[in-house]
Amino acid sequence: MARTVPDKPALEGIEEKWMERWESEGTYRFDRSRAREQIFAIDTPPPTVSGSLHMGSVFGYVQTDAIARYQRMKGMEVFYPMGWDDNGLPTERRVQNYYGVRCDPTLLYDPDFIPPTEPPEPPMSISRRNFIELCHGLTAEDEKVFEHLWRTLGLSVDWTQSYATIDEHCQRTSQKAFLRNLRRGEAYSQEAPVLWDVDFKSAVAQAELEDRERPGSYHRIAFHRPSGDAVFIETTRPELVCACVALVAHPDDLRYQPLFGTVVTSPLFGVELPVVAHELADPEKGSGIAMICTWGDTSDVTWWRELDLATRAVIQQSGRLREDTPEWIESDAGRAAYAQIAGLYPGQAQRKMAELLAESGDLDGEPRAITHPVKFFEKGDRPLEIVSSRQWYIRNGGRDEDLRRALLARGGEVDWIPDFMGARYKHWVEGLNGDWLISRQRFFGVSLPVWYPVDDQGDLDFENPILPAEGALPVDPTTDVPPGYEESQRGVPGGFAGDPDVMDTWATSSLTPQIAGHWDDDPDLFGRVFPMDVRPQGPEIIRTWLFATLLRSHYEHGVPPWAHAAINGWILDPERKKMSKSRGNVVTPIPLIEEYGAEAVRYWACNGRPGTDTAVDFGVMKIGRRLALKILNAARFALGFADDVDVAAITEPLDRSMLAALSEVVAQSTAAFDRYDYARALEIAEKSFWTWTDDYLELVKGRAYDGAAAGASAHAALQLALGTYLRLFAPFLPFVCEEVWSWWREGSVHRAPWPSVTELEAHIGDPAVFRITSEVLTAVRRAKSDAKASMAAEVASVTIAAGAESLALIRQAEADLKAAARAVEMAYAEGEFAVNSVLAAS
RNA sequence: GGGCGUUUAGCUCAGUUGGCUAGAGCACUGCCCUUACAAGGCAGGGGUCGGCGGUUCGAGUCCGUCAACGCCCACCA
């Protein structure tokens, strides 16, 4: 093939050029005709498209792409789909803010609705269907932005294999898997206390909680014994005295043992309460005796459940205390007291209660300010409350030791990269304290595919849900009618009611292997890609996405969903601080790509070791850019000679020595890649490449220009080495490697075979020749540098002292050494290694 | 309170199964327009590998312990 080596090679424009070429030529198109053993399947994380783009998004994806490219060159057919996680709360919230709208499911659909140009204040209420249409529209736009970023970064994704977690295929898969869980008894619904976000008016799951330090105050409050004696408790939630169901102390606590089994009355409300014992009560905390309310925190729930206490809930789903006076408050004084806090938010009620208790003399001293951790929904702004409601759950081992052990064993079947990440999974599973709550009282999500019969009294029969046939999926029970019913029977006695809830986004994204592999509608494909080879992802979603995926696969297929789980590190800002929107230190990738180029950003990402936290580092990006430029320029030199070179011409010892060193690099880089250590593979290739350009190219320059038979050896060796380096770098710097490859090779470097020791073995010699010759060259350069002379300065004589063996090696490259050193004469002496250079008089 | 990780030059990081005189880039110093590359190249200075103790012929690398930082978990009245 004729060569087309540009005079002034440049990086500018090559990203656009190859991005388009790869798409039009289908370079990364998946060939489904290959057998499972020849396929490398990646369970790509679907990014939350309504989230912000930041360097964390880039980091892991580029690392995965390097692995994908390596596997492809190794001859594997790479199944590399891309999904978008667009369903769920983040999208709803973005739509609410973007358009200034709120979903009101009681409103009717307006087919002519056009969103306001400016977000109105207060927000406009729109129907569920209109709201969902806005969600679809906006996520479609967001997905384009992400796709463009991925393409610009050169991800070798097969774009024909994309999905969005809200699309019909995902809905069908998600509902089908749920129905199977339900039929096997792995999913169930239950009325129970749940952690509730009062702003989003939805239940949240254990995995979505986070603690935040909040100010609070201890109130020391008197409860009263029949004798009139006071029993003091301390609480941060005096507003829940009205919801108190018992006092509790530790069974061994001598101070309170006499009280166990007796009754006390609550202050203000005069409600009679038992005093009970439970080892969870901490004698060291507060006064050592606590009030149990339904429910102020999760320990209340534990006590309530384990001690079988009464239910006296006062906090409603709105977050306010109930308006009517609870039936258990019977005294007139108590009813009058409650009237003063009815309908208030907890904070307001707390202040009022402090006043009332102070007036009645039941508050001992002033409230004492403290800071304490409070549970929040990770995306929420107000503390979670605990309310009773009916929700759907999937059993996850949190309440079942056998299942927990089985899931731990499944996790043990996965190869964790790096291996300590396996401990994070293990600890999460060991720490689960309840089943997985999957229902959400939201709108933009996959519907729970169930209806309930309505009995003659108009009550719903939750125990006997009506289920759709799998062939009818996806269904929306709020608009679709169950088999055997008519729309007119919706919500009437003797009819049916659709479940209004949607599933949590993880309930769908936990099925990404099944979704991408088309478990639902293409068993042939699924059989070729499942279980997948690798799940790459961030460490923060081990407890959600990774765990849930493993759980669903365990239930449905009885195997782990992938052989390897490759967990990337956390991304920190340039000051090594955690990036977050609130700190305003989020670094976005687009400007960096524009400034340094995609290859430079890729280089930075590939320098982050597996599982190691990595700071955004512009210096590293600059090095990446320089490496890419170096490849261009070195290639221009290496290809600047004869078109037709024959590898049989590689006869010079120095050339064969260089190739021997390169062969070792190939072996090491391959070994590193095989253990998913892409960063090491890059480092090894890079170190070798700089030696190649700095020393080898300089040593053979004279011979290469000379053009004699020895020149042909250099020409062929240069090209053989260049072709090898391009393939070693192709997983990291796909654009520049493809560009150079195209100068003199057919096809894409990304479909070229990964370099092997075998292909070089006929051309290698003693690696020591190149090594020691480089040392001598460095010594001569040092002499010139010390003499403040130009590297082009002539050297009258170079005297080399070394062992006899070394001298023999150096002599094999004497002509090259003399040319590179500009040495007139070269002399040798046996002895300790030393190089004495005498510069010619200028 | 429990667990995991990190701690190596001023900065950002490498150092595979213990064998080095401890490496790279940035920054710093000096030199060089040498026909691949001056948004480059060559050469150089700079570290008691967090502290203490141990195993070993030999430890940045293994063991113990302490400390600092980060992350995760915890029943936070």
Side-chain angles (χ1 to χ4, degrees), chain A residues 5 7-9 210-211 213-214 216 218-219 233-237 240 247-249 278-282 285-293 296-303 370-375 418 420-424 426-428 430-433 539-540 542-543 569-570 572 574 576-578 604 607-609 611-620 622-626 629-640 668 671-672 675 677 679-680 683 686-687 690 693-694 697-698 701 705 718 777-793 820 822:
Chain A
V5 181
D7 286 340
K8 260 291 186 195
E210 67 181 31
D211 288 346
E213 286 292 330
R214 282 295 147 125
Y218 269 123
H219 297 68
I233 61 106
E234 289 194 27
T235 180
T236 55
R237 303 208 62 180
L240 291 179
L247 299 191
V248 66
H278 194 280
E279 58 271 355
L280 214 85
D282 182 355
K285 199 160 285 179
S287 58
I289 187 165
M291 70 169 182
I292 303 173
C293 315
D297 63 29
T298 51
S299 49
D300 280 343
V301 177
T302 306
W303 280 320
I370 56 154
T371 304
H372 65 153
V374 177
K375 284 200 188 308
F420 67 77
M421 290 293 181
R424 299 206 187 179
K426 185 165 165 271
H427 293 148
W428 174 250
E430 285 170 348
L432 286 167
N433 54 30
E540 76 283 9
I542 290 174
R543 64 178 185 168
W570 195 259
L572 308 168
R576 287 201 68 78
K577 295 269 165 30
K578 191 171 167 177
W604 163 76
N607 258 284
R609 257 58 188 175
T612 302
D613 293 352
T614 304
V616 173
D617 189 332
F618 309 116
V620 173
K622 282 182 192 160
I623 299 166
R625 185 175 173 78
R626 213 173 50 155
L629 257 171
K630 196 76 175 175
I631 290 171
L632 280 182
N633 287 313
R636 195 170 102 77
F637 173 78
L639 299 176
Q668 287 178 14
R675 52 175 200 268
D677 196 350
R680 184 86 180 133
E683 185 192 348
E686 189 184 3
K687 188 170 163 44
W690 283 101
T693 59
D694 291 347
L697 263 53
E698 292 301 329
K701 201 173 266 180
Y705 282 120
L718 281 166
L777 180 60
T778 298
V780 176
R781 284 168 173 161
R782 188 181 300 124
K784 292 184 182 179
S785 188
D786 289 347
K788 300 192 190 299
S790 160
M791 290 301 139
R822 305 284 197 278

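Protein chains get the first letters and strands the later ones, always in sequence-line order, with residue 1 at the start of each. All figures in this text were calculated on a predicted structure; none of them were measured in a lab.
Contacts of A:T612 with the nucleic acid, taken as non-hydrogen atoms under 4.0 Å apart, involve only primed sugar atoms and P, OP1 or OP2. Within the 4.0 angstrom heavy-atom criterion, only backbone atoms of the sugar-phosphate kind lie near A:W690; the bases stay farther away. Contact annotation for A:S287: no contact, since no heavy-atom pair falls under 4.0 Å across all strands. At the heavy-atom level, A:I292 lies nowhere under 4.0 Å from the strands shown. Within 4.0 Å (heavy atoms only), A:K285 reaches at least one base atom of the nucleic acid. Residue A:K701 is in base contact, counting any heavy-atom pair closer than 4.0 Å across all strands shown. Contacts of A:R626 with the nucleic acid, taken as non-hydrogen atoms under 4.0 Å apart, involve only primed sugar atoms and P, OP1 or OP2. In this structure, A:A281 reaches the bases: a heavy-atom distance under 4.0 Å links it to at least one base atom across the strands shown.
Proximity of A:R424 to A:P539: side-chain heavy atoms (C-beta onward) are separated by under 4.5 Å at one or more points. At a threshold of 4.5 Å between non-hydrogen side-chain atoms, the residues A:W604 and A:T614 count as touching. No side-chain heavy atom of A:I233 sits under 4.5 Å from any side-chain heavy atom of A:H219. Side chains of A:K375 and A:D211 form a contact here, defined as non-hydrogen atoms less than 4.5 Å apart. No side-chain heavy atom of A:L240 sits less than 4.5 Å from a side-chain heavy atom of A:T235. Put simply, the side chain of A:K701 does not reach to within 4.5 Å of the side chain of A:L697, judged on heavy atoms. Side-chain contact between A:I292 and A:H278 is absent, with no heavy atoms from C-beta onward closer than 4.5 Å. Between A:R781 and A:L777 there is a side-chain heavy-atom pair separated by less than 4.5 Å.
In terms of position along RNA chain B, the nucleotide closest to A:M421 lies nearer the 5' end than the nucleotide closest to the other residue of the pair A:M421 and A:I623. Checking A:H427 against A:R609, the closest nucleotide of RNA chain B that is more toward the 5' end is the one next to A:H427.
The side chain of A:R781 lies closest to B:A43, out of B:A77, B:A43, B:U34. Nearest nucleotide to the side chain of A:S299, out of B:A43, B:C75, B:C37: B:C75. Here B:C75 is the nucleotide among B:C75, B:A77, B:G30 with the atom lying nearest to any side-chain atom of A:L280. Listed nucleotides B:A38, B:U12, B:U34 differ in distance to A:K8; the shortest reach to its side chain belongs to B:A38. For A:K630, taking side-chain heavy atoms from C-beta onward, the closest of the listed nucleotides B:C42, B:C76, B:G41 is B:G41. Ranking B:G30, B:U16, B:A77 by closeness to the A:D282 side chain, first place goes to B:A77. Set against B:A77, B:C76, B:C31, the side chain of A:P373 has B:C76 as its closest nucleotide. Each of B:C72, B:A74, B:A77 was ranked by its minimum atom distance to the side chain of A:R543; first place goes to B:C72. For A:R636, whose side chain is taken as the heavy atoms from C-beta onward, the closest listed nucleotide among B:A43, B:C4, B:C37 is B:C37. Side-chain atoms of A:E683 lie closest to B:A14 of the nucleotides B:U34, B:A14, B:A43.
Pair assignment for B:G40 gives B:C32, based on Watson-Crick or G-U wobble hydrogen-bonding distances that are each under 3.5 Å. The nucleotide B:C62 finds its pairing partner in B:G54, both defining distances of the Watson-Crick or G-U wobble pair being shorter than 3.5 Å. Pairing for B:U21 is absent, with no Watson-Crick or G-U wobble pair whose two atom distances lie under 3.5 Å. Using N1 to N3 plus N6-O4 or O6-N4 for Watson-Crick, or N1-O2 and O6-N3 for G-U wobble, each under 3.5 Å, B:U6 pairs with B:A68. Pairing partner, B:U48: none, since no Watson-Crick or wobble contact has both distances short of 3.5 Å. Across the strands present, B:A27 finds no partner; the criterion is a Watson-Crick or G-U wobble pair with both atom distances under 3.5 angstrom.
In this structure, A:D694 places its CG atom 8 Å from C1' of B:G41, rounding to the nearest Å. Computed from coordinates, the A:E698 CD to B:C42 P distance equals 8 Å when rounded to whole Å. Rounded to whole Å, atom P of B:A77 lies 10 Å from atom CE of A:M291. With rounding to whole Å, A:R424 atom CZ is found 10 Å from B:C73 atom P. A:D613 places its CG atom 11 Å from the P atom of B:U7, with the value rounded to the nearest Å. Atom P of nucleotide B:C32 and atom NZ of A:K784 are separated by 13 Å, given to the nearest angstrom. In this structure, A:E540 places its CD atom 12 Å from C1' of B:C72, rounding to the nearest Å. Rounded to whole Å, the distance from CH2 on A:W303 to P on B:C75 is 12 Å.
Ion pairing between a basic and an acidic side chain is recognised when a charged N comes within 4.0 Å of a carboxylate O; A:E683 and A:R609 show such pairing.
Comparing B:C63 with B:G5, their P atoms are spaced 11 Å from each other, to the whole Å. Remark: the separation of the P atoms in B:A68 and B:U21 is 34 Å, to the nearest Å. Across B:C52 and B:A9, the matching P atoms stand 16 Å from one another, rounded to whole Å. As rounded to the nearest Å, B:G50 and B:G60 have C1' atoms that lie 12 Å from one another. Nucleotides B:U29 and B:U17 are separated by 39 Å at their P atoms, to the nearest Å. Between B:C72 and B:G46, the distance separating the two C1' atoms is 38 Å to the nearest Å. Between B:A74 and B:G18, the distance separating the two P atoms is 38 Å to the nearest Å. To the nearest whole angstrom, the two P atoms, one in B:U7 and one in B:G45, are 27 Å apart.
With hydrogens and angles left out, the side chain of A:R675 and the base of B:U16 share a donor-acceptor pair within 3.5 Å.
Between A:K375 and the phosphate of B:C75, there is a side-chain N or O to OP1/OP2 separation shorter than 4.0 Å. A close approach under 4.0 Å does occur between a side-chain nitrogen or oxygen of A:T778 and OP1 or OP2 of B:A43. Between A:H372 and B:A77, a side-chain N or O to OP1/OP2 separation shorter than 4.0 Å is present.
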